[in-house]
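So that the names make sense, note that chain A is the first sequence line, chain B the second, and so on, each numbered from 1. Hydrogens, waters and symmetry mates are skipped; everything else that's a heavy atom, side chains included, is used.
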2 protein chains.
Amino acid sequence: MSINSNAPSRIRRTPEESRANILAAAESLLVAHGPQSLRLADVAKAAGVANATVLHHFGSIAAVHQALMERMIADLVDSILSVEIPADAPLEARAVGLKTLFDAFETRGAARLAAWLELTGETGRMTVVREAVQEVAQKKIASVGIPADMAEDMILLSVTLAVGVGLFGRSLGTLIGKPPERARELALQMLLANIQRLAG
Amino acid sequence: MSINSNAPSRIRRTPEESRANILAAAESLLVAHGPQSLRLADVAKAAGVANATVLHHFGSIAAVHQALMERMIADLVDSILSVEIPADAPLEARAVGLKTLFDAFETRGAARLAAWLELTGETGRMTVVREAVQEVAQKKIASVGIPADMAEDMILLSVTLAVGVGLFGRSLGTLIGKPPERARELALQMLLANIQRLAG
DNA sequence: AACACTACTGACAAAAATGTCAATAAACAG
DNA sequence: CTGTTTATTGACATTTTTGTCAGTAGTGTT
């Protein structure tokens, strides 16, 4: 009846794999249960390793938090920079680009990351995001003929709204008896109409 | 040299005063330093009482959290219900009403409360808000001639955006090199333009 | 096969946070 | 002034969470 009699009693990973595994577990905990569930024991359990293993790779639970913030911010910056706006089709193209940006922030993970950073006062960590946003504003949106200044305003507005939608859209929608995606729909409609009003 | 020789060495309050004092301290902690600073010792220190005093009045620190949520939600509901829309002046009146609603949620305290509830999964507590929102949608906005359905959409959108602004507006604005109030300005502009587009 | 390296772990120690309790003192009634 | 009530508190106990350490077990090398 012995199954896998020669299976290793421990999984041994490279340090990079281990760190990645632990951070992935922590991220899903953050998204599913909030920051208060990022305790050492919870993270270790979710990652399927012993408490001591987490400390072996990160030194402290606070270091896990920091690494998680940085990892999620890096992901966010990547998706911001992936915004592409073809130079030919004018208005629809802008809409698509802004929608990509919106999507990047409206992701449950990103919205919760932002809330976490804000509530813990770690806003300073997001300076990386600033550079990404400015690059998109200047190089990509401006190339379509919108002044960088106005582009930055649009992005500021989009991101604020996107995070709001990502954090509260679903629960707020169902709270007042609407389908969960309603807030998202309305937000995108308003945002696109706003582009037309300002730049159209 | 003895100053106030017969001053009481302890302050003795009524139970209601004590609870109010503690909750006020907790609220300012929440707004200034986030939910993770709502520890027993921190709350007691901020309120100027001993740890045991907090427990005497609330039984547990979790009960303090619950009471704080309920108090802040009640305040929020009050300010929602204070939305008044005079029946005569049509469009500007709608704008003023929506702005009041926006302000109620954009308050730093309310936005942080919402984020706190969301991150801790206590969304269910906000059913009281639902009733307030629906009352405003039906009785007050609808009386100006906008269908309750559309009014609810507008409110959903306003609240989502307002919370986003309240939470991230300032730090996000300064992050990308704008004045801190910029996000708020832009949000209100867009919201009002949206009213005109849909109902004007 | 023997060895070195180190990721991994359980058992334990330390620290932090929460909660208990008996004693104290403010307010008030008689 | 005396007694009763109870909000308040310091000292202590308990629980929770984090961190340490010495030993174990995979993986690659000789």
* Asked: Quick check: does any side chain N or O of A:Ser82 sit under 3.5 Å from a backbone N or O of A:Ser79, one acting as donor and the other as acceptor?
  ->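 Pair found, side chain donor or acceptor close to backbone of A:Ser79.
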
* Could you list by number each residue of residues 33-58 of chain A showing a heavy-atom separation from DNA chain C of less than 4.0 Å, or answer none if no residue does? =>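 A:Val49, A:Ala50, A:Ala52, A:Thr53, A:His56, A:His57, in order of number.
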
* Asked: Given the rule that I, L, V, M, F, W and Y join up when any side-chain heavy atoms are under 4.5 Å apart, are B:Val129 and B:Met69 in one cluster?
  ->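 The answer is yes; both residues are in one hydrophobic cluster.
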
* Mind checking what makes side chain to side chain contact (heavy atoms under 4.5 Å, CB included) contact with B:Leu188, not counting sequence neighbours? ->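 Partners of B:Leu188 by the side chain to side chain contact (heavy atoms under 4.5 Å, CB included) criterion, ordered by chain and then number, come out as B:Lys99, B:Phe102, B:Arg184.
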
* Heavy atoms under 4.0 Å, any strand shown: does B:Thr14 hit a base, just sugar-phosphate, or nothing? ->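 Answer is nothing: B:Thr14 stays at 4.0 Å or more from every strand.
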
* Asked: 5' to 3' on DNA chain D, which nucleotides open and close the contacts with chain A (atom under 4.0 Å from a heavy atom)?
  ->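 Nucleotide range with atoms under 4.0 Å of chain A: D:dT17 to D:dT27.
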
* Criterion side-chain contact (heavy atoms from CB on, under 4.5 Å) against B:Phe105, the qualifying member of B:Thr160, B:Leu76, B:Val165, B:Leu113 ->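 When B:Thr160, B:Leu76, B:Val165, B:Leu113 are each tested with B:Phe105, the side-chain contact (heavy atoms from CB on, under 4.5 Å) holds only for B:Leu76.
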
* Asked: Among B:Val54, B:Thr53, B:Leu55, whose side-chain contact (heavy atoms from CB on, under 4.5 Å) with B:His57 holds?
  ->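 Only match with B:His57 under side-chain contact (heavy atoms from CB on, under 4.5 Å): B:Thr53.
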
* **salt bridge (Lys or Arg N to Asp or Glu O under 4.0 Å) partners of residues 167-176 of chain A, not counting sequence neighbours, each pair once** =>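 Found A:Arg170-A:Glu181.
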
* Only pairs at least two apart or in different chains count here, so list each salt bridge (Lys or Arg N to Asp or Glu O under 4.0 Å) that has a residue in residues 19-32 of chain B. =>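 Passing the test, one end in residues 19-32 of chain B: B:Glu27-B:Arg71.
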
* To do: Using the closest heavy atom to pick a nucleotide of DNA chain C for each, name whichever of B:His65 or A:Arg10 lands nearer the 5' end.
  =>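 Final value for this comparison: A:Arg10.
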
* **First-last contacting nucleotides on DNA chain C - partner chain B, under 4.0 angstrom, heavy atom** =>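 Here the contact window of chain B covers C:dA17 to C:dA27.
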
* Thinking salt bridges, do A:Lys45 and A:Asp42 make one under a 4.0 Å N-O criterion? ->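 Looking at A:Asp42 together with A:Lys45, the answer is no, because their closest N to O distance does not fall below 4.0 Å.
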
* **Contact summary for B:Ala47 and B:Asn21, nearest pair of heavy atoms** =>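 Closest pair (atom of B:Ala47, atom of B:Asn21, distance): O-ND2, 3.2 Å.
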
* Asked: Run the side chain to side chain contact (heavy atoms under 4.5 Å, CB included) check on B:Asp149 and A:Lys178 step by step: do they pass?
  -> CA-CA 10 Å; B:Asp149 207 44; A:Lys178 302 261 174 180; 3.5 Å; yes

